[in-house]
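Every chain is numbered from 1, with letters handed out A, B, ... down the list of sequences.
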2 protein chains.
Amino acid sequence: MTPKSGIRETKKHETRRALGFAAFDLATERGLQGFVVEDVTTRAGVSRRTFFNYFNRKEEAVVSVCGFVFDDAMTALYQRPADEPLFDSLRVVAGLVVSPENLELLNRLSTIATDFHELVPYELAVRERMVLGAHEALVERMPPGCPSFYPLALVHAAFGVIQAVIVHAADHPGDQVTDLIDEAFDYLRAGFQTTKS
Amino acid sequence: MTPKSGIRETKKHETRRALGFAAFDLATERGLQGFVVEDVTTRAGVSRRTFFNYFNRKEEAVVSVCGFVFDDAMTALYQRPADEPLFDSLRVVAGLVVSPENLELLNRLSTIATDFHELVPYELAVRERMVLGAHEALVERMPPGCPSFYPLALVHAAFGVIQAVIVHAADHPGDQVTDLIDEAFDYLRAGFQTTKS
DNA sequence: GGGCAAAGTTGCACGCCGGGCAAGATTACT
DNA sequence: AGTAATCTTGCCCGGCGTGCAACTTTGCCC
């Protein structure tokens, strides 16, 4: 977690990014089966062996690009005022997760995953990282000694409806995502006791 | 979806089960890296090539055993009275998902996944199948023409808190799961406006 | 800046994965 | 009984994933 000193970490980060984007782009262009690891490393300018120092498999590299969605969301969550209700913090973060740029990325990923089902598990894993990260962020705000189940349940429910929005948005490209997030969190706030529409 | 006639389907089903359990047991005994596909097929009594007619990879076979959790839950959901509120149906099904036998299975799987991180994505995929299946079941009960976002959000939130219960139960083996499910669905019903504990 | 330790990259080698193909076996249909 | 459809199996082969041992680069201290 320490930033370490410069060049080394920076280069690693750049190499990882280069490999991730190369894999993501190749998957977009040719489909998941349309390229081999060596194609990725050629594009990224490193050797095949190096690829496996960063990722365990091709699929991980492809979905890694979406990790920035995770990073942005977590950064935002940690920056929310400490006295803000947890529910409201999550609502704000939810809006960021489904920003236009992020949705574009997530939809490209979904498109690939539709054709190549084997990618789905890795897509889900990225989301799971986000849920667990958010949980940790919330726990820090809880009064000491407070049982952790409440924030655990809250964060799972919140990211559940966020996922619902993403799924729905993929099927209904016309809908305003901001509205969907509002609708989803209204349902959540009302305990799903109103159907609204 | 048609049952087809007997022997053929039955044998396929049995072969799939045999491969799944062989893989699951081997993973429990030796860990995910402690065996190769050929070990699975030897135990199941088929050829190595046949394995790949049923699963794309070893990991899929290992988690496939948990598919029965999915099947049971879906069967139960379809059998709920049609006029029962969706929320209540999901609450009942939630109790079944975290039955003692299922939890034993899910915990064994979690244990393996803890040691062998590469299994996690496949674990998540099984859960995702359950969420989408439940959504379909709920949609059938909605009045025709009703927008599908409400049940989509509901089912994602519900399985979100179920996942929270499973995660929590893995960390706190002493807790009563039935109580956790009640607590989780109470939170959900109350829109997370009460902390309770 | 010279030199050493730590960390990262690369090529090589090798076993396993994953699946196309075609032949053989088994089941379904009439 | 005969034929079509389905499933299994062995063969084969390119790609995957990784241990290992050089080699190169970076960090650090004198």
Side-chain angles (χ1 to χ4, degrees), chain A residues 1-20 22-24 26-27 29-64 113 115-122 125, chain B residues 1-20 22-24 26-27 30-64 115-122 125:
Chain A
M1 284 299 150
T2 50
K4 296 264 182 172
S5 46
I7 298 182
R8 228 180 183 88
E9 288 302 304
T10 305
K11 274 201 173 180
K12 277 179 67 174
H13 194 260
E14 281 176 1
T15 303
R16 188 182 181 84
R17 259 184 68 96
L19 285 170
F24 188 60
L26 279 166
E29 295 167 17
R30 310 186 195 169
L32 197 58
Q33 312 299 351
F35 65 101
V36 297
V37 171
E38 192 162 6
D39 297 329
V40 179
T41 59
T42 300
R43 200 174 276 208
V46 296
S47 78
R48 196 185 82 98
R49 184 62 185 82
T50 297
F51 177 90
F52 292 103
N53 293 339
Y54 287 91
F55 302 102
N56 290 321
R57 22 181 60 82
K58 197 164 60 170
E59 290 83 356
E60 284 184 17
V62 173
V63 302
S64 73
D115 293 335
F116 303 94
H117 196 343
E118 63 270 34
L119 199 64
V120 172
Y122 297 93
Chain B
M1 283 299 147
T2 48
K4 296 262 182 171
S5 44
I7 297 182
R8 229 181 183 87
E9 287 303 304
T10 305
K11 275 201 174 182
K12 277 178 68 173
H13 194 259
E14 282 177 1
T15 303
R16 189 182 180 83
R17 259 183 68 96
L19 286 169
F24 188 59
L26 279 166
R30 311 185 195 170
L32 198 59
Q33 312 298 352
F35 64 100
V36 296
V37 170
E38 192 161 6
D39 298 328
V40 179
T41 58
T42 301
R43 199 174 275 209
V46 296
S47 78
R48 196 184 84 96
R49 185 61 186 82
T50 297
F51 177 89
F52 292 102
N53 293 338
Y54 287 91
F55 303 102
N56 290 323
R57 24 180 57 84
K58 197 164 60 171
E59 290 82 357
E60 285 184 16
V62 173
V63 302
S64 73
D115 294 335
F116 303 94
H117 196 348
E118 63 270 33
L119 198 63
V120 172
Y122 297 92

Atom of B:Asn56, atom of B:Glu60 and distance for their closest heavy-atom approach: N-OE1, 3.3 Å
Gap between atom OH of A:Tyr54 and atom OG1 of A:Thr15 - 0.5 Å precision: 4.0 Å
Interatomic distance where CZ belongs to A:Phe51 and P belongs to D:dC16 [whole Å]: 9 Å
Length of the CD-P vector between A:Glu118 and C:dC17, whole Å: 17 Å
side-chain N/O B:Ser47 vs D:dT8 OP1/OP2, d < 4.0 Å: no
Residues that B:Ala125 engages under side-chain contact (heavy atoms from CB on, under 4.5 Å), provided they are two or more places apart: A:Pro121, A:Leu124
Pairs where residues 43-57 of chain B contributes a residue and the test salt bridge (Lys or Arg N to Asp or Glu O under 4.0 Å) is met, not counting sequence neighbours: B:Glu29-B:Arg43
Every protein N/O lying under 3.5 Å from an N/O of nucleotides 13-15 of chain C:
none

A:Val63 and A:Leu119, any side-chain heavy atoms less than 4.5 Å apart: yes
B:Lys12 side-chain N/O to D:dT6 phosphate OP1/OP2 under 4.0 Å: no
Contact summary for B:Thr41 and B:Phe51, nearest pair of heavy atoms: CG2-CB, 3.6 Å
Side chain of A:Lys11 - closest among C:dT9, D:dT25, C:dT26: D:dT25
DNA chain C contacts among residues 33-45 of chain A, heavy-atom distance under 4.0 Å: none
Check: B:Val40 main-chain N/O paired with B:Lys58 side-chain donor or acceptor under 3.5 Å: no
Nearest non-hydrogen partners of B:Phe35 and B:Ala23, listed with the distance: CZ-O, 3.8 Å
Strand-adjacent residues in residues 53-62 of chain B, judged by heavy atoms under 4.0 Å from DNA chain C: B:Asn56, B:Arg57, B:Lys58
Value in whole Å for how far the P atom of D:dC16 lies from CZ of B:Phe52: 15 Å
A:Leu19 side chain near A:Phe55 side chain, heavy-atom distance below 4.5 Å: yes
Axis-to-axis angle between the two ends of the helix from C:dG1-D:dC30 to C:dT30-D:dA1 (five base pairs per end, rounded to 10 degrees): 40°
Atom CD of A:Glu38 with >12 non-hydrogen neighbours under 6.0 angstrom: no
